[in-house]
Amino acid sequence: MCGIVGLVSKSLVNQTIFDALTVLQHRGQDAAGMVTCEGNQFFLRKDNGLVNEVFRTRHMKKLLGNIGIGHVRYPTAGSSSAAEAQPFYVNAPYGIALAHNGNLTNTDELAQEMRRVDLRHINTTSDSEILVNILAHELQNLGKLVPTPVDIFTAVAKVHKRIRGGYAVVAVITGFGVLAFRDAYGVRPLVYGLRQTDNGQEAMVASESVALDIAGFKLERDVAPGEAIFIDLEGNVHSQQCAENAQLAPCLFEQVYFARPDSIIDGVNVHKARMRMGIKLAERVKAERPDHDIDVVIPIPDTSRTSALEMAEQLGVTFREGFIKNRYIGRTFIMPGQVERKKSVRRKLNPIESEFRGKVVMLVDDSIVRGTTSKQIVQMVREVGAKKVYFASAAPPVRYPNVYGIDMPSPSEFIAHNRTEDEIGQAIGVDWMLYQKLDDLKEAVAGDQQFSSFETSVFDGKYVTGDISEEYLQRIDAKRNDSTKEDDEELEAGENAPADLHDKIH
């Protein structure tokens with residue numbers, strides 16, 4: 001999962017892109033990068049680290065130009081070296097820099113095509129490098145010295161025919177403008193907005209609307225599934241549908257976990273969607289245990305807070321903050337290795353004893369994947385004197401791997417692997433385990449809007465692109481197993497082994 005931004009402005013874009021990446025930091029804390037363009041020259045800065053670590057004053061001064069793109073990385077394939085940080089750049093044709101959010105599912109096949117057919121060299125394991133080379137190849141085949149927006153859309157249509165997976169892409173083409181496009185199912189989010197200045201119109205694209213808000217841009221709409229938009233140097237926005245049989249099937253996990261609550265994605269207010277998730281959970285409690293004995297509802301910070309508050313209100317039960325979070329510890333979702341992950345939970349959360357002692361507590365979390373964090377939290381709650389511990393998940397059990405840009409562990413490591421909901425509850429040590437039903441989650445996210453479908457593969461094993469074979473799943477499972485083993489071995493080698501900020505799901 002990554003965050004992307006692209007901008008055409010009437011003034012320097014470096015600070016605006018920096019600010020946008022800062023509010024998209026939750027989407028990727030492994031690396032950050034920015035490319036700006038002045039005239040026919042690119043200026044690039046990228047490295048591992050958080051946004052404010054990668055971009056210092058000395059770097060910002062060198063990022064000149066009124067157009068540019070930015071990226072924050074959460075690695076989902078390949079390595080996490082600085083060489084894999086985005087954007088990627090090719091010098092022909094025109095000069096193109098590209099960044100993307102998501103994952104291509106036919107990367108191996110494309111890499112061979114690059115070498116044997118396109119005669120292009122791929123230097124990293126990143127599918128983003130493959131993407132920029134495919135786009136460059138299709139633009140070069142047009143043979144246009146000065147491409148029009150229609151020419152660029154023709155190239156994008158050919159890109160769509162070659163690649164598969166879930167992706168949102170932003171690219172800057174030297175001397176022409178910024179291009180953005182989204183996969184045919186709209187799995188990964190992408191929005192654009194406009195800002196009027198004394199010197200004319202400016203346009204911006206980003207993974208989430210909050211990035212537009214921070215820069216003073218007015219959200220216009222989402223980029224439609226399969227649609228491409230091109231922002232020329234004057235800030236004019238051109239758009240065209242470039243994919244065949246496009247239909248909206250956005251990722252449900254975005255709404256549950258990844259997106260900021262102050263964002264609007266695919267017309268859905270994330271905060272209100274999470275409120276509705278809490279209402280649905282309360283309805284399940286009333287249906288299954290109308291005479292429940294819950295004394296207090298307590299969220300596990302931070303993403304579940306909205307759902308927990310609404311759940312408590314619907315049940316007429318007290319809502320309390322029961323955990324103090326250390327803001328200087330990274331999300332356990334994004335940290336390698338079980339050894340370091342176990343240590344991090346105690347450093348990250350500390351229970352307030354008075355909120356738990358002698359009470360029947362309903363803990364609420366956004367989701368449970370490994371169950372490592374959940375089990376330790378339940379243990380902490382019991383240690384401070386809770387009478388009973390119940391646990392509600394705003395999402396259904398996660399049972400299947402994600403292939404569209406979320407780096408989950410091997411399914412064999414999921415707490416829900418080969419377990420019923422009651423057995424999951426026993427495994428994490430609670431008195432009652434309550435999961436959201438998938439249909440209820442769909443309704444909660446949709447609200448009063450009509451969605452033909454959602455990308456729900458982690459819950460039901462149904463992959464919207466229709467190209468995911470058992471062989472493919474076994475291959476990525478083997479890679480993720482190997483990666484986890486390597487992480488654990490490194491961490492067990494020394495207590496002070498460094499940890500990045502990515503955890504492969506708590």
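Here the structure is a predicted model, which means the values were calculated and not measured. The first residue in the sequence is number 1, and the count goes up from there.
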Exercise. I would like to know whether R370 and I415 meet side-chain contact (heavy atoms from CB on, under 4.5 Å); could you show each step before the answer?
Key: CA-CA 5 Å; R370 287 182 187 269; I415 190 71; over 6 Å; no
Just wondering, do [Y] and [X] contact through their side chains at under 4.5 Å, heavy atoms?
X    : Y    : answer
Y94  : L139 : yes
V458 : M408 : yes
P87  : L98  : no
L110 : Q112 : no
Y192 : R221 : yes
T456 : K442 : yes
D365 : S393 : no

Taking [X] first and then [Y], would you say they form a salt bridge - that is, a charged N and a carboxylate O separated by under 4.0 Å?
X    : Y    : value
R475 : D108 : yes
K10  : E234 : yes
R195 : E202 : yes
R162 : E113 : yes

Exercise. Taking D47 for its side chain and A31 for its backbone only, find out whether a donor-acceptor pair lies under 3.5 Å.
Key: no
Quiz item: So, the side chain of D477 versus the backbone of Q474: is there a donor-acceptor pair under 3.5 Å, distance only?
Solution: no
Indicate whether any N or O donor in one side chain lies under 3.5 Å from an N or O acceptor in the other, for [X] and [Y].
X    : Y    : answer
T105 : Y404 : no
S128 : H100 : yes
E208 : H26  : yes
S410 : S412 : yes
T465 : D467 : yes
S457 : E455 : yes

Between side-chain atoms of residues 13-23 and protein atoms elsewhere (two or more places apart, or another chain), which donor-acceptor pairs fall under 3.5 Å?
from : atom 1 : to  : atom 2 : distance (Å)
N14  : ND2    : M60 : O      : 2.9
N14  : ND2    : L63 : O      : 3.3
Q15  : NE2    : D19 : OD1    : 3.0
T22  : OG1    : F18 : O      : 2.9

Quiz prompt | side chain to side chain donor-acceptor pair (under 3.5 Å) between H137 and N141, worked out | solution = CA-CA 6 Å; H137 181 79; N141 281 349; 3.2 Å; yes
Quiz item: Relative to each other, are the rings of F253 and F459 parallel, tilted or perpendicular (30° and 60° limits)?
Solution: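 Rings of F253 and F459: tilted, as their planes differ by 30° to 60°.
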Exercise. Measure up the F181 and H160 rings against each other and bin them: parallel (under 30°), tilted (30 to 60°), perpendicular (over 60°).
Key: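 Rings of F181 and H160: perpendicular, as their planes differ by over 60°.
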Quiz item: Does atom NZ of K272 have more than 12 heavy-atom neighbours from other groups under 6.0 Å away?
Solution: no
Quiz prompt | Q450, CD: over 12 other non-hydrogen atoms inside 6.0 angstrom | solution =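 It does not: Q450 CD has 12 such atoms or fewer within range.
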Self-check item: Test side-chain contact (heavy atoms from CB on, under 4.5 Å) applied to L212 and V191, step by step
Solution: CA-CA 9 Å; L212 306 181; V191 299; 3.9 Å; yes
Exercise. Assess K46 against F88: is NZ or CZ under 6.0 Å from the centre of the six-membered ring, and within 45 degrees of the ring's axis?
Key: yes
Self-check item: Partner of F454 by side chain to side chain contact (heavy atoms under 4.5 Å, CB included), out of V464, D266, L252
Solution: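 When side chain to side chain contact (heavy atoms under 4.5 Å, CB included) is applied between F454 and each of V464, D266, L252, only L252 qualifies.
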Quiz item: Given the rule in the side-chain contact (heavy atoms from CB on, under 4.5 Å) test, do I406 and C251 qualify, once you have shown the distances and angles that lead to the verdict?
Solution: CA-CA 10 Å; I406 304 174; C251 174; 4.3 Å; yes
Practice problem: Give the C-alpha distance, both sets of side-chain angles, the deciding distance and a yes or no for salt bridge (charged side-chain N to carboxylate O under 4.0 Å, His left out) between R73 and E84. | Solution: CA-CA 9 Å; R73 180 183 71 183; E84 308 276 323; 5.5 Å; no
Any idea which heavy atoms bring [X] and [Y] closest together, and the distance?
X    : Y    : result
P149 : F230 : CG-CD2, 4.0 Å
V170 : G6   : CG2-CA, 3.7 Å
G235 : Q201 : O-NE2, 2.8 Å
N40  : G175 : OD1-CA, 4.1 Å
Q436 : M277 : NE2-O, 3.1 Å
A395 : S367 : CB-CB, 4.0 Å

Quiz item: How far apart are the C-alpha atoms of I130 and T107, what are their side-chain angles, what is the distance that settles it, and do they pass the side-chain contact (heavy atoms from CB on, under 4.5 Å) test?
Solution: CA-CA 8 Å; I130 290 175; T107 304; 3.4 Å; yes
Quiz item: Which value, rounded to the nearest 0.5 Å, describes the distance between N133 atom CG and I122 atom CD1?
Solution: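 N133 atom CG to I122 atom CD1 measures 4.0 Å (nearest 0.5 Å).
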Quiz item: Roughly how far apart are N103 CG and M1 CE, rounded to 0.5 Å?
Solution: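 Output value for this atom pair is 10.0 Å.
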Quiz prompt | D262: side chain to side chain donor-acceptor pair (under 3.5 Å) partners, not counting sequence neighbours | solution =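 Expected list: R260.
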